[in-house]
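Here's the structure, in structure tokens; my notes come after.
Counting convention: from 1, in listed order, for ligands and their atoms alike. By convention here, the first residue in the shown sequence is residue 1. FYI, side chains are in, hydrogens and waters are out, and symmetry mates aren't considered; it's all heavy atoms of this structure.
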Amino acid sequence: MVDSFPRQINFERSVDRALSAADPDVDEAEEGQARYSCSARELAVVPVVRQIWTMPLLVVLTGPIAAGKNTVADALAKRLTDRGKTVVVADVDDVAAMVSTPGAAQAGLRFAAHEAHGALVGQWMRSGVDYVVVVGPIYTEEEQAALTCALPDDAVALWAVIDATVAVTFARAQADPSRGLSREPDFHHAAHRRFRDLLPAIPADHAFNSEEMAAEQIATAIEATIGAL
Ligand SMILES: Nc1ncnc2c1ncn2[C@@H]1O[C@H](COP(=O)(O)OS(=O)(=O)O)[C@@H](OP(=O)(O)O)[C@H]1O
Ligand SMILES: Nc1ncnc2c1ncn2[C@@H]1O[C@H](COP(=O)(O)OP(=O)(O)O)[C@@H](O)[C@H]1O
């Protein structure tokens, strides 16, 4: 069973960082402005938030193979586009699939695919879209850095883990004839173990158990979180 464990949201870290950089005296000023309905600290947030919101919000969906990341990404994208938002969905595997036969892994280009994906996402984060939804096995610190190092300064990211037990993910993979490697027991279990071992180092703001929540429910919960930011 997987708990839902909200952790510190990166957005809050970004605002705090920007606030302290913007005005070191803001706490003192706040004292003198207490009679106004907006404190100096709240007023100082306005330009910071405006600066942050001129760029897309990044939503990162990671988790084990067949946990439901792509299904949730599609459901979230549909919900957002139904509200008139523009959404880019960028899956690491789609970039890895650009390496022709025998493929990225055999050619030793799996990590290069993460770096190319990071560069691509970095460019989309400088475009006029409203949301960039990233999907992929972004587990290690190096895989995380391949994504985050190309982001604009002050990019705001919400990280969500979509999780399920290996018994369930393996059954799902087995049931999908369009899958290749991930239907093989040894590969699937080793990849799942890698995720499980690295999970504590993933900067997850939320984790969702796709055995307990339908994809639509998970997408709704993520949409509510980003709506509240
Ligand atoms: N080398 C390597 N290391 C780690 N993870 C890997 C690797 N190769 C494939 N994958 C993950 O396996 C999923 C895709 O497998 P498939 O069976 O659908 O296709 S394929 O055989 O890779 O073409 C897909 O995960 P999901 O998107 O979660 O299903 C890939 O991220
Ligand atoms: N709650 C759920 N959320 C997302 N996918 C689910 C859920 N329950 C079952 N699934 C199924 O799991 C399978 C794997 O989903 P997929 O999105 O391809 O996983 P991933 O992208 O993590 O490899 C799909 O057949 C999907 O319909």
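By the 30° and 60° cut-offs, the orientation of the rings of Phe170 relative to His189 is tilted. His114 and Phe111 have parallel rings, their planes meeting at less than 30° on a 0 to 90° scale where 60° marks the start of perpendicular.
Using a distance-only test at 3.5 Å, with no hydrogens or angles considered, a donor-acceptor pair links the side chain of Ser210 to the main chain of Ala67. No donor-acceptor pair closer than 3.5 Å links the side chain of Arg83 to the backbone N or O of Arg79. A donor-acceptor pair under 3.5 Å is formed between the side chain of Arg183 and the backbone N or O of Gln174. Between the His188 side chain and the Ser182 main chain, a donor and an acceptor come within less than 3.5 Å of each other. Without hydrogens or angle criteria, Thr86 side chain to Asp130 main chain gives a donor-acceptor distance under 3.5 Å. Listed for the Glu143 side chain is a donor-acceptor partner under 3.5 Å among the backbone atoms of Thr140.
At the top of the distance list for atom 7 (C) of ligand 2, counting protein heavy atoms only, stands Arg172 NH2, 3.7 Å. The protein heavy atom nearest to atom 3 (N) of ligand 1 is Arg110 NE, 4.1 Å. Here the protein heavy atom with the shortest distance to atom 21 (O) of ligand 2 is Asn70 ND2, 2.7 Å. At the shortest separation from atom 19 (O) of ligand 2 among protein heavy atoms lies Gly68 N, 3.1 Å. Considering only non-hydrogen protein atoms, atom 24 (C) of ligand 2 sits nearest to Thr71 OG1, 4.0 Å. Ranking the protein heavy atoms by distance from atom 10 (N) of ligand 1 puts Phe187 CZ, 3.7 Å first. Counting protein heavy atoms only, atom 11 (C) of ligand 1 is closest to Ile65 CD1, 3.7 Å. Closest protein heavy atom to atom 18 (O) of ligand 2: Arg179 NH2, 3.3 Å. Among all non-hydrogen protein atoms, the one lying nearest atom 31 (O) of ligand 1 is Asp93 OD1, 2.8 Å.
Between Gly180 and ligand 1, at least one pair of N/O atoms sits closer than 3.5 Å. Geometrically, ligand 1 and Leu181 share a nitrogen or oxygen pair separated by less than 3.5 Å. Considering backbone and side-chain atoms together, Ala66 places an N or O closer than 3.5 Å to an N or O of ligand 2. In terms of N/O distances under 3.5 Å, ligand 1 is approached by Ser182. Polar contact check, Ala67 against ligand 2: a nitrogen or oxygen pair lies under 3.5 Å apart. For ligand 1, the polar-atom distance check finds an N/O of Arg179 within less than 3.5 Å of one of the ligand's N/O atoms. Where the criterion is an N or O separation shorter than 3.5 Å, residue side chain and backbone included, Arg194 fails it with respect to ligand 1.
No part of Glu216 comes within 4.0 Å of ligand 2, judged by heavy-atom distances. If you look at Ala173 next to ligand 2, there are no close heavy atoms at all, none under 4.0 Å. Both the backbone and the side chain of Ala215 come within 4.0 Å of ligand 2, counting heavy atoms alone.
Listed by number with element, the atoms of ligand 1 under 4.0 angstrom from any heavy atom of Pro137 are 31 (O). For ligand 1 and Ala66, the ligand atoms under 4.0 Å from any heavy atom of the residue are 28 (O), 29 (O). Near Ala105, the atoms of ligand 1 lying under 4.0 angstrom from a non-hydrogen atom of the residue are 1 (N). Near Lys69, with a cut-off below 4.0 Å to any heavy atom, the atoms of ligand 1 are 26 (P), 28 (O). Each of the following atoms of ligand 2 lies closer than 4.0 Å to a heavy atom of Pro64: 22 (O). Listed by number with element, the atoms of ligand 2 under 4.0 Å from a non-hydrogen atom of Met213 are 1 (N), 2 (C).
Between Arg179 and Asp176 there is a salt bridge, since at least one side-chain N of the basic residue sits less than 4.0 Å from a carboxylate O of the acidic one. At a threshold of 4.0 Å, the pair Arg193-Asp197 does not count as salt-bridged, since none of the basic side-chain nitrogens sits closer than that to a carboxylate oxygen.
In this structure the side chain of Leu158 reaches within 4.5 angstrom of the side chain of His206, judged on heavy atoms.
In this structure, the separation between CD on Glu223 and CD on Glu216 is 9.0 Å, given to the nearest 0.5 Å.
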Step by step, would you call Arg196 with Asp163 a salt bridge (Lys or Arg N to Asp or Glu O under 4.0 Å)? CA-CA 10 Å; Arg196 200 60 62 202; Asp163 204 353; 2.7 Å; yes

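Environment of CD in Gln217: crowded, with over 12 heavy atoms of neighbouring residues, nucleotides or ligands closer than 6.0 Å.
In this structure, atom 29 (O) of ligand 1 is in close contact with the protein, since a protein heavy atom lies within 4.0 Å of it.
Heavy atoms of Ala214 approach ligand 2 to within less than 4.0 angstrom.
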